[in-house]
> 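Please read through the structure below; I'll follow up with questions.
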Amino acid sequence: MLQVIRYLQGYLAIKVWGFSPERFMNLCSNHHLFLWNIANHGEYYTMNISLKNFYRLKGLTRKTGTRVVITGRYGLPFLSVRMWRRRIFIAGLLGSIGFWIWMSGFIWAVEITGNYFVTTDVFQDFLLENGIRTGMKKSRIDIEKLEEAIRTEFDIVTWTSAKIDGTRLVIQIKENDLIKVENTKDAAENEEDVQGMDLVAGKDGVIISIVTRSGVPKVSAGMEVKKGDILVEGGVPIMNDDGTVKRYDYCAADADIMLQCIYTLKEEINEKYEDKQYTGKERKEPFLILGTKKVKIPFLFGKFETYDVIEEKNQLKLFKNYYLPVYMGKDLVREYTVEEKIYTQNQVKEQFEGRLQKFIETLQEKGVQIVEKNVTIKKTSGVWKMEADFLAIEETGDSKRTQIVQVQEPAAKEASDAEQTQD
C-alpha cells in the first residue's frame with residue numbers, strides 16, 4: 001500500500017555527495033524528510049525521496065556542504081507530464097478505443113451452418129426480407145423471433161439456433177427431409193381416405209409393364225399413353241347384384257409401372273469463337289473495402305486493353321469473433337489478347353460428347369435406363385447443331401386427385417330429390 005501511495009504522490013531517485021552526506025541525512029531525519037533505499041557507494045550515496053520533500057532540501061544542502069542530483073523520476077505526476085506531451089497520440093488512442101467499442105454494437109458478419117437443402121443464397125434472401133443484414137445493431141435482433149421465423153418459413157428445418165458471437169450472427173440449423181416426406185405422406189393418406197388418388201402418366205410413351213397393388217388399372221402392357229392419362233384409378237367400384245355400381249371405395253392408387261419414352265436433347269455451337277491468349281503480363285492491385293465502397297490504389301503505369309480480374313479479399317477481425325466492416329485484398333489483373341478461331345470438326349464433336357455424357361448422367365441419376373440413342377450433328381450457316389434422341393425406360397405414375405364422383409345411396413338420393421321438389 002505504501003508503494004502505491006508513493007507512486008501516486010511521485011518520488012525521485014537522487015545522488016548525494018560532498019563535505020558531509022551523513023550529516024545531510026541526519027538533518028533530513030530531524031526535519032521529518034523521509035529517505036529510503038539508501039545505498040553507500042563510497043564517494044556518494046543514492047537514495048529515494050518524495051517529490052514534495054525534495055523541494056525542502058535546499059537549506060539542508062547549504063548547511064552540510066553537499067550536492068544533490070536527480071537520477072530518476074517516478075510516479076503519476078511525471079507520467080501525466082509525459083502523457084500531456086503526447087496528448088494528440090493519447091487522444092487518438094482513446095478515440096480509437098471508443099470507436100471499436102461503438103463498432104462492437106453492430107453485426108458485421110452472418111454465418112450459416114448446417115444447411116444442405118436450403119441454399120445459402122435462399123437463406124440470405126430470407127434474412128434480408130426479415131430485416132437481418134450486416135451493419136445492423138445487435139439490439140435490433142430478436143433471437144427468439146428469428147428462430148421461430150426460420151422454422152415457420154422452412155418446413156424442412158427441424159431445429160435452429162441463433163446467437164450473437166462478437167460481431168457475428170451465427171445461425172445453426174438442422175434439416176430432416178424424412179420428416180417432411182412423412183408429414184406429406186400422412187396428409188396425402190388422410191386426403192386420399194376421403195377422395196382417393198389416381199396415378200397418371202408423367203410423359204408420353206408406351207407401357208412396358210404394370211403391377212398394381214391398390215386401385216383399378218386402366219392400362220396394360222403395350223398400350224400407348226399420353227402425358228396426364230390415368231394409369232390406375234383411386235376408386236374401387238363396389239357392384240350391386242344387377243351389375244350396377246353401388247359405391248366407390250376411395251384409395252391411394254399404388255403400382256409399379258414401367259414406361260418406354262423418348263428424351264430429346266438439342267445443342268448448338270457457333271463455328272467461330274474468340275480464343276484468349278494470355279500475354280504473361282499481370283499485376284496485383286491492392287484495394288480496401290469500407291462497408292460497401294471499394295477503394296483502389298491508383299495504378300501509375302496505365303491499364304491493359306483487355307484483361308481478366310481475379311479478386312482475393314479477407315475480412316478484418318480483432319481477436320477471434322470481432323469482425324469489422326473492412327476488407328483488404330488484391331485484384332490479380334492478367335492481360336490477354338483475343339484471337340478469332342474456327343472450331344474443327346473434332347473439337348465440335350468433343351464438346352457435344354461432353355454435353356451428351358452430362359445429360360445421360362443426369363437421366364441415370366433419376367433412375368432412367370437408356371436403351372438406345374440416335375445422335376445427328378450438322379452445320380448450318382456457321383452454326384453446329386446436335387440433336388439426340390434417347391429411347392429410355394423409366395418408372396412413371398404421378399399422384400393426382402381422382403375425378404370419380406361417389407355414387408349416392410338410394411335413401412340419400414330420395415332425400416336429395418325431395419329437397420329439390422320443395423325448392
> Show, in sequence, the C-alpha distance, side-chain angles and deciding distance for Asp229 and Lys226, and conclude whether the salt bridge (charged side-chain N to carboxylate O under 4.0 Å, His left out) test is met.
CA-CA 6 Å; Asp229 287 351; Lys226 299 291 184 181; over 6 Å; no

> For the atom pair CD1 (Ile49) and OH (Tyr55), what is the distance rounded to the nearest 0.5 Å?
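Between atom CD1 of Ile49 and atom OH of Tyr55 there are 11.0 Å.
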
> When the side chains of residues 208-220 are checked against the rest of the protein, which donor-acceptor pairs come out under 3.5 Å, sequence neighbours left out?
{"unit_1": "Arg213", "atom_1": "NE", "unit_2": "Asp254", "atom_2": "OD2", "d": "3.1"}
{"unit_1": "Arg213", "atom_1": "NH1", "unit_2": "Asp256", "atom_2": "OD2", "d": "2.8"}
{"unit_1": "Arg213", "atom_1": "NH2", "unit_2": "Asp254", "atom_2": "OD1", "d": "3.2"}
{"unit_1": "Arg213", "atom_1": "NH2", "unit_2": "Asp256", "atom_2": "OD1", "d": "3.0"}
{"unit_1": "Ser214", "atom_1": "OG", "unit_2": "Ala252", "atom_2": "O", "d": "2.7"}
{"unit_1": "Ser214", "atom_1": "OG", "unit_2": "Asp254", "atom_2": "N", "d": "3.2"}

> Test of understanding: with salt bridge (Lys or Arg N to Asp or Glu O under 4.0 Å), list the residues that count as partners of Lys296, not counting sequence neighbours.
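For Lys296 the salt bridge (Lys or Arg N to Asp or Glu O under 4.0 Å) partners, ignoring immediate neighbours, are Glu285, Asp331.
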
> So His41 and Tyr44, would you call those rings parallel, tilted or perpendicular, with 30° and 60° as cut-offs?
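Ring orientation, 0 to 90° scale: parallel.
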
> Answer whether the closest heavy-atom distance between the side chains of Leu231 and Leu259 falls below 4.5 Å.
no

> Within a reach of under 6.0 Å around CZ of Arg67, are more than 12 heavy atoms found that belong to other residues, nucleotides or ligands?
no

> Considering all heavy atoms of both residues, which atom of Glu22 and which atom of Tyr45 are nearest to each other, and what is their separation?
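Minimum heavy-atom contact is OE2-OH, 2.9 Å.
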
> Would a 4.5 Å heavy-atom cut-off, applied to side chains only, mark Lys163 and Ile143 as touching?
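No. Closest side-chain heavy atoms not under 4.5 Å.
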
> Please walk me through it: do Lys294 and Glu311 pass side-chain contact (heavy atoms from CB on, under 4.5 Å)?
CA-CA 12 Å; Lys294 184 175 182 179; Glu311 182 183 272; 2.8 Å; yes

> List the atom of Leu57, the atom of Cys28, and the distance in Å for their closest heavy-atom pair.
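Minimum heavy-atom separation between Leu57 and Cys28: CD2-SG, 3.8 Å.
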
> Could you tell me whether the side chains of Glu233 and Tyr248 share a donor-acceptor contact shorter than 3.5 Å?
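Looking only at side-chain atoms, Tyr248 and Glu233 do not form any donor-acceptor pair under 3.5 Å.
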
> Can you check whether Met47 reaches Ile14 side chain to side chain, under 4.5 Å on heavy atoms?
yes

> Are Leu60 and Val68 side-chain neighbours, meaning at least one heavy-atom pair lies under 4.5 Å?
no

> So, taking the atom named CG in Asp165 and the one named CZ in Arg168, what distance separates them when rounded to the nearest 0.5 Å?
5.0 Å

> Okay, side chain of Lys138, backbone of Leu169: is any donor-acceptor separation there less than 3.5 Å?
no

> Would you indicate whether Lys330, at its atom NZ, is surrounded by more than 12 heavy atoms from other residues, nucleotides or ligands within a distance under 6.0 Å?
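For Lys330, atom NZ is not crowded (no more than 12 foreign heavy atoms under 6.0 Å).
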
> Who pairs with Glu153 by salt bridge (Lys or Arg N to Asp or Glu O under 4.0 Å), at least two apart in sequence or on another chain?
none

> State the CD-OH distance between Glu339 and Tyr273, to the nearest 0.5 angstrom.
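Here the interatomic distance stands at 8.5 Å.
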
> Quick one: do Phe154 and Asn115 satisfy side-chain contact (heavy atoms from CB on, under 4.5 Å)? Show the steps, please.
CA-CA 11 Å; Phe154 305 103; Asn115 59 310; over 6 Å; no

> Is it true that a side-chain atom of Asn314 and a backbone atom of Met328 form a donor plus acceptor pair closer than 3.5 Å?
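The answer is no, because no donor-acceptor pair under 3.5 Å joins these two groups.
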
> List for me each residue that meets side chain to side chain contact (heavy atoms under 4.5 Å, CB included) alongside Glu350, sequence neighbours excluded, and say none if there are none.
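Result, side chain to side chain contact (heavy atoms under 4.5 Å, CB included) vs Glu350: none returned.
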
> Are any of the side-chain heavy atoms of Leu332 and Glu312 separated by less than 4.5 Å?
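Of all side-chain heavy-atom pairs linking Glu312 with Leu332, none is under 4.5 Å.
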
> What's the shortest heavy-atom distance between Asn130 and Ala149, and which atoms?
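Looking at all heavy atoms of both residues, the closest pair is OD1-CB, 4.3 Å.
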
> Could you report the tightest heavy-atom contact between Leu356 and Lys373, atom names first, then the distance?
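Closest approach of Leu356 to Lys373: CD2-NZ, 4.4 Å.
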
> In the structure I gave you, are the side-chain heavy atoms of Glu267 and Phe359 within less than 4.5 Å of one another anywhere?
no

> Do you see a donor-acceptor pair shorter than 3.5 Å between the side chains of Gln277 and Asp275?
yes

> Are any side-chain N or O atoms of Gln315 and backbone N or O atoms of Trp108, one a donor and one an acceptor, separated by less than 3.5 Å?
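Answer holds: yes.
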
> What I want to check is whether the side chains of Tyr307 and Glu282 have a donor and an acceptor closer together than 3.5 Å.
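Per modelled atom types, Tyr307 and Glu282 side chains form no pair under 3.5 Å.
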
> Is the shortest heavy-atom distance from the side chain of Ile112 to the side chain of Gln124 under 4.5 Å?
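Yes, close enough: below the 4.5 Å cut-off.
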
> Is Ser20 reaching over with its side chain to a backbone N or O of Thr64, donor-acceptor style, under 3.5 angstrom?
no

> Please report the closest heavy-atom contact between Arg23 and Lys63, naming both atoms and the distance.
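Scanning both residues, the minimum pair turns out to be NH1-O, 3.1 Å.
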
> Which side-chain N or O atoms in residues 384-397 pair as donor and acceptor under 3.5 Å with protein atoms at least two apart or in another chain?
{"unit_1": "Asp389", "atom_1": "OD1", "unit_2": "Thr264", "atom_2": "OG1", "d": "3.1"}
{"unit_1": "Glu394", "atom_1": "OE1", "unit_2": "Tyr263", "atom_2": "OH", "d": "2.5"}
{"unit_1": "Thr396", "atom_1": "OG1", "unit_2": "Gly202", "atom_2": "N", "d": "3.1"}

> State whether Phe304 and Arg283 meet the cation-pi test: NZ (Lys) or CZ (Arg) under 6.0 Å from the six-membered ring centroid, and within 45° of the perpendicular axis.
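That pair qualifies as a cation-pi contact.
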
> Shortest non-hydrogen contact from Tyr336 to Val338?
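That closest heavy-atom pairing would be CE1-CG2, 3.5 Å.
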
> For the residue pair Phe126 and Phe123, does the interplanar ring angle fall in the parallel (under 30°), tilted (30 to 60°) or perpendicular (over 60°) class?
perpendicular

> Identify, with sequence neighbours excluded, every residue that meets salt bridge (Lys or Arg N to Asp or Glu O under 4.0 Å) alongside Asp142.
none

> Can a cation-pi geometry be assigned to Arg6 and Tyr11, taking NZ or CZ under 6.0 Å from the six-membered ring centre and within 45° of the ring axis?
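Not satisfied by the 6.0 Å and 45° rule.
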
